[in-house]
Colleague: 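My structure is below; once you've seen it, I'll send some questions.
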Amino acid sequence: MTETKPQIQFSLEALQQVHEILLQYPADKSKSALLPLLHLAQAEFGGWLSAETMDYVASILKIQPIEVYEVASFYSMYNLKPVGKYLIEVCQTSSCWMCGAEDIVRYLEKKLQVETGQPTQDGMFQIKTVECLGSCGTAPMFQIGDKYYENLTFEKIDTILDELRAENKYSRYV
Amino acid sequence: MGKKLLLQYDHIPGINTFEVYRQNNGYKSVEKALKTMKPEEIVEQVKVSGLRGRGGAGFPTGMKWSFLAKPEGVARYLVCNADESEPGTFKDRYLMERIPHLLIEGMITSSFALGANTSYIYVRGEYFYIIKILQKAIKEAYAAGFLGKNILGTGYDLDLFVQPGGGAYICGEETALIESLEGKRGNPRIKPPFPAIAGLWGCPTVVNNVETIAAVVPIVNDGGEAYAAIGIGKSTGTKLISASGHINKPGVYEIELGVPVEEFIYSDEYCGGIRNGKKLKAVVAGGSSVPILPTELILKTANGEPRLMSYESLGDGGFATGTMMGSGGFIAMDEDTSVVKNLFTFARFYHHESCGQCSPCREGTGWMEKILKKFIDGKATLKDIDLLWDIQSKIEGKTICPLGEAAAWPVAAAIRHFRPEFEEYVNNPQSIHDVKHYFRLNGLVEA
């Protein structure tokens with residue numbers, strides 16, 4: 001079996017963060033850093049986890065790539081395919097549904113002229129329906145990166161989308 | 001006004017900072033515990049307090065602590081469960097966002113009681129902005145000498161770290177949480193052994209909910225007896241309730257256990273009644289997993305007694321006519337709400353969140369979602385009601401962890417109390433299918 005060296009590399013700032021994260025666990029338990037490192041990698045490398053990115057994380061933690069794949073595919077926050085620059089995660093469970101989550105999704109689809117799950121033509125936005133985000137008292141809501149947008153109305157959505165379009169960065173959790 | 005133990009300083013500007021928190025009796029329990037108490041005395045006070053796990057299961061915290069194994073030379077861990085994901089629940093988020101130091105104080109005092117020198121707060125990944133708030137607060141606590149080596153000169157060392165999840169409801173189950181903290185998929189473990197014997201990295205571990213750990217602070221400060229004097233019967237102390245749905249004042253309320261449900265829903269101190277002058281139809285009182293109850297049963301027990309916000313009163317009548325306190329996720333539905341459609345959102349949720357280890361849950365949740373979708377689409381038959389009942393009855397008690405039950409109970413309760421509505425979906429789908437029937441938004445109209 002030949003090992004291919006990943007071509008990608010964390011920024012110096014991210015490497016510093018990796019170092020700090022690894023200090024949180026006993027020296028022989030560094031696999032515990034896998035989830036935080038995947039968040040960091042997703043933020044660093046374009047908002048999703050390619051096989052190359054996951055192999056790179058495996059090489060840092062000295063674990064098998066499969067140990068990374070099986071984790072990345074289990075949790076809902078890791079994107080295994082490229083996504084729009086701003087991933088709009090609309091909560092659709094119970095209280096949010098009661099307060100109009102389906103209308104929020106329909107409005108976004110109409111406004112962005114895109115179906116849920118697909119990036120917009122310019123690659124700027126992508127709608128994703130998600131399960132309860134713990135914002136039931138401020139429903140309806142969506143999350144973009146680490147920010148919660150709550151008590152949504154159509155007017156608020158218009159403003160949010162305009163602001164993000166002007167900002168033009170990748171949404172990130174970390 | 002009821003007594004507040006956790007949110008009493010919530011209104012003070014800057015209470016999220018170390019300085020202001022400290023000025024308002026902050027970190028007193030750490031001083032008292034580390035300087036004047038033995039670890040076993042703290043465990044005893046928690047036992048006396050009658051505190052029950054606030055994450056949903058309601059297991060006595062002092063008893064859980066006393067099960068912790070203490071083999072010589074083996075590290076012990078305290079892990080805080082901040083994976084709050086039960087639909088309808090947002091109290092831990094509120095507490096961590098507004099008063100992060102209360103959780104950190106509780107972590108220090110509790111870690112000392114359990115003999116842990118490294119502790120973790122496992123926060124659901126979606127709450128990344130909360131993680132940043134906690135990390136900042138932890139840094140402040142280190143700088144003030146409340147974390148790190150030789151805390152307050154007592155010789156006690158504690159490191160406290162925040163760990164993000166990756167988006168998975170199942171990681172709120174304590175052994176799945178431990179798996180996740182070890183960098184694995186969140187598959188619950190078969191018990192025994194329980195985490196108290198073999199938890200994080202095989203070491204004795206206690207996993208407690210955010211609110212539970214926060215409650216240790218007033219228990220240590222004022223004593224377990226003072227805590228037990230609040231509340232009613234075996235439901236001691238206060239509880240954070242996340243109130244949502246069709247109420248005038250959604251939000252997080254700290255109640256003294258024992259407040260009548262009717263007062264909680266209609267008084268201006270709490271939910272302020274039902275929105276837009278509508279009538280109440282049903283309530284899910286403790287997060288998505290607990291049985292839904294129609295108005296008449298949530299306000300009064302089957303015996304006609306006023307129903308109270310307590311573990312015993314909410315549970316009165318068993319699942320036939322009662323429900324559970326659960327996580328305190330209180331979802332109120334007005335008269336226009338479709339119980340069937342709401343149930344569909346729960347079923348979709350549990351199907352999405354099942355880890356897939358156990359067939360009854362993995363397959364059953366999928367079938368329940370699929371069949372409920374048939375009702376929503378007007379394609380169900382009367383036999384499908386019985387089929388749904390049959391499926392839910394074959395999940396309960398047949399899985400490694402309680403996610404199976406959590407998925408089955410809401411289905412059973414909806415059929416038990418709202419069977420005619422299921423029948424209406426079959427017999428007269430058009431009447432229910434009016435889209436406006438579902439979406440009455442606060443000021444929003446159909447796009």
Side-chain angles (χ1 to χ4, degrees), chain A residues 23-26 28-39 61 63 67 70-78 89 92-104 106-107 109-111 130-140 143 145-148 151-154 172-174, chain B residues 75 84-90 92-94 118 120 124-129 132 159 161 163-169 180-186 201 242-246 250-252 284 288 329 331 333 337 341-342 345-346 348-349 352-353 355 438-447:
Chain A
L23 290 175
Q24 301 190 351
Y25 322 102
D28 59 338
K29 307 295 181 196
S30 58
K31 188 178 172 180
S32 283
L34 182 51
L35 272 73
L37 255 56
L38 286 176
H39 283 302
L61 295 178
I63 56 178
E67 294 177 78
E70 66 172 8
V71 164
S73 61
F74 183 85
Y75 297 94
S76 64
M77 292 173 75
Y78 302 121
E89 302 183 77
Q92 59 174 354
T93 320
S94 191
S95 302
C96 273
W97 161 71
M98 275 184 238
C99 294
E102 290 180 343
D103 280 348
I104 297 296
R106 204 170 300 131
Y107 183 75
E109 286 184 337
K110 200 170 164 186
K111 176 143 178 115
V130 298
E131 299 301 340
C132 187
L133 291 176
S135 194
C136 325
T138 41
Q143 169 171 32
D146 74 340
K147 203 163 167 14
Y148 273 37
N151 294 311
L152 288 173
T153 61
F154 295 153
R172 44 191 290 169
Y173 302 114
V174 196
Chain B
E84 182 172 64
S85 311
E86 172 93 356
T89 317
F90 46 99
D92 296 339
R93 175 185 161 209
Y94 183 93
T118 306
Y120 295 92
R124 68 178 295 184
E126 292 89 341
Y127 285 179
F128 246 110
Y129 83 99
K132 290 166 193 172
D159 282 313
F161 301 112
Q163 175 85 355
Y169 168 73
S180 183
L181 184 45
E182 292 181 0
K184 302 177 202 156
R185 296 163 73 93
W201 303 308
S242 321
S244 70
H246 298 131
V252 173
V284 175
S288 55
I331 309 172
M333 300 170 200
T337 310
K341 181 73 194 266
N342 181 66
T345 77
F346 285 160
R348 180 177 58 196
F349 172 84
H352 184 260
E353 301 300 339
C355 82
Y438 304 139
F439 317 129
R440 291 140 296 93
L441 305 183
N442 24 333
L444 292 181
V445 284
E446 181 69 358

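Note: hydrogens, waters and symmetry copies are ignored here, and every other heavy atom, side chains too, is used. All of these numbers come straight from a predicted model, not from anything done at the bench.
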Colleague: Please classify the contact between B/Tyr120 and chain A as side chain, backbone, both or neither, with a heavy-atom cut-off of under 4.5 Å.
Modeller: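 Just the side chain, heavy atoms under 4.5 Å.
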Colleague: Please look at B/Arg185 and chain A and tell me whether the side chain, the backbone, both or neither of the residue comes under 4.5 angstrom of a heavy atom of that chain.
Modeller: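 B/Arg185 touches chain A through backbone and side-chain heavy atoms alike.
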Colleague: For A/Leu23 versus B/Phe161, what's the shortest heavy-atom pair and its separation?
Modeller: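 Looking at all heavy atoms of both residues, the closest pair is O-CZ, 4.0 Å.
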Colleague: Between the side chains of B/Tyr129 and A/Gln143, does any donor sit under 3.5 Å from an acceptor?
Modeller: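 Side chains of B/Tyr129 and A/Gln143: no pair found under 3.5 Å.
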Colleague: Any non-hydrogen side-chain atom of A/Met98 less than 4.5 Å from a side-chain atom of B/Ser244?
Modeller: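 They are not in side-chain contact.
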Colleague: I need the residue from B/Gly183, B/Gly125, B/Gly166 with the largest number of non-hydrogen atom pairs under 4.5 Å to chain A.
Modeller: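 If we count pairs closer than 4.5 Å to chain A, B/Gly166 comes out on top.
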Colleague: Is there a donor-acceptor pair closer than 3.5 Å between any side-chain N or O of A/Tyr75 and the backbone N or O of B/Gly186?
Modeller: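 Checked: pair present.
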Colleague: Which one, B/Trp201, B/Phe346, B/Tyr127, B/Phe349, leads in non-hydrogen pairs under 4.5 Å with chain A?
Modeller: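 If we count pairs closer than 4.5 Å to chain A, B/Trp201 comes out on top.
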Colleague: Give, as side chain, backbone, both or neither, the part of A/Leu61 having an atom under 4.5 angstrom from any heavy atom of chain B.
Modeller: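 For A/Leu61, no heavy atom lies under 4.5 Å from chain B.
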Colleague: If I measure from the heavy atoms of chain B, does A/Val130 come under 4.5 Å with its side chain, its backbone, both, or neither?
Modeller: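 Contact with chain B involves no heavy atom of A/Val130 at all.
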Colleague: Among A/Cys136, A/Gly137, A/Ala72, who wins on heavy-atom pairs under 4.5 Å with chain B?
Modeller: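 Result: the option with the highest number of such pairs is A/Cys136.
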Colleague: Atom CD in A/Gln92, atom NE2 in B/His352: separation rounded to 0.5 Å?
Modeller: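 Between atom CD of A/Gln92 and atom NE2 of B/His352 there are 8.5 Å.
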Colleague: Taking all atoms of both residues into account, what is the closest heavy-atom pair of B/Arg93 and A/Thr138, and its distance?
Modeller: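 Looks like NH1-OG1, 4.4 Å.
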Colleague: Which one, A/Leu38, A/Leu34, A/Leu133, A/Ile63, leads in non-hydrogen pairs under 4.5 Å with chain B?
Modeller: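 Looking at each of A/Leu38, A/Leu34, A/Leu133, A/Ile63 in turn, A/Leu133 comes out on top.
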Colleague: Go through the atoms of B/Ser85 and report whether side chain, backbone, both or neither lie under 4.5 Å from a heavy atom of chain A.
Modeller: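 Only the backbone of B/Ser85 comes within 4.5 Å of chain A.
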Colleague: Among A/Ser94, A/Ser95, A/Ser30, which residue forms the greatest number of heavy-atom pairs with chain B at distances under 4.5 Å?
Modeller: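 If we count pairs closer than 4.5 Å to chain B, A/Ser94 comes out on top.
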Colleague: Going through the distances and angles, do A/Glu70 and B/Lys184 end up as a side-chain contact (heavy atoms from CB on, under 4.5 Å)?
Modeller: CA-CA 8 Å; A/Glu70 66 172 8; B/Lys184 302 177 202 156; 5.8 Å; no
Colleague: Can you say whether B/Ser288 sits under 4.5 Å from chain A via the side chain, the backbone, both, or neither, judging by heavy atoms?
Modeller: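 Answer is neither: B/Ser288 stays 4.5 Å or more from chain A.
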Colleague: Which bit of B/Asp159 comes within less than 4.5 Å of chain A, counting heavy atoms only: side chain, backbone, both or neither?
Modeller: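 No part of it gets close to chain A.
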Colleague: Indicate yes or no: at least one non-hydrogen side-chain atom of A/Cys132 is less than 4.5 angstrom from one of B/Phe90.
Modeller: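 No, side chains not in contact.
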Colleague: Using heavy-atom distances under 4.5 Å, tell me whether B/Arg124 contacts chain A through its side chain, its backbone, both, or neither.
Modeller: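 Contact with chain A is through the side chain of B/Arg124 alone.
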Colleague: When you measure from the side chain of A/Thr93 to the backbone N and O of B/Thr345, does any donor-acceptor pair fall under 3.5 Å?
Modeller: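 Not confirmed, A/Thr93 side chain does not pair with B/Thr345 backbone.
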Colleague: Can you tell which part of A/Tyr148 gets under 4.5 Å to a heavy atom of chain B, answering side chain, backbone, both or neither?
Modeller: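 Just the side chain, heavy atoms under 4.5 Å.
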Colleague: Most heavy-atom pairs under 4.5 angstrom with chain A, which of B/Ala243, B/Ala168, B/Gly245, B/Pro164?
Modeller: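 That would be B/Pro164.
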Colleague: I need the minimum non-hydrogen distance between A/Met77 and B/Gly165, along with the two atoms involved.
Modeller: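 Scanning both residues, the minimum pair turns out to be SD-O, 4.4 Å.
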Colleague: Is there a side-chain contact between A/Ser76 and B/Glu126, using heavy atoms and a 4.5 Å cut-off?
Modeller: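 Side chain of A/Ser76 against side chain of B/Glu126, heavy atoms only: contact under 4.5 Å found.
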Colleague: B/His246 side chain to A/Cys99 main-chain N or O, any donor-acceptor pair under 3.5 Å?
Modeller: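 Side chain of B/His246 to backbone of A/Cys99: no pair is present.
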Colleague: So that I can tick it off, tell me whether B/Arg348 and A/Glu131 are bridged by a salt bridge, with the cut-off set at under 4.0 angstrom between side-chain N and carboxylate O.
Modeller: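 Answer for the salt bridge query: yes.
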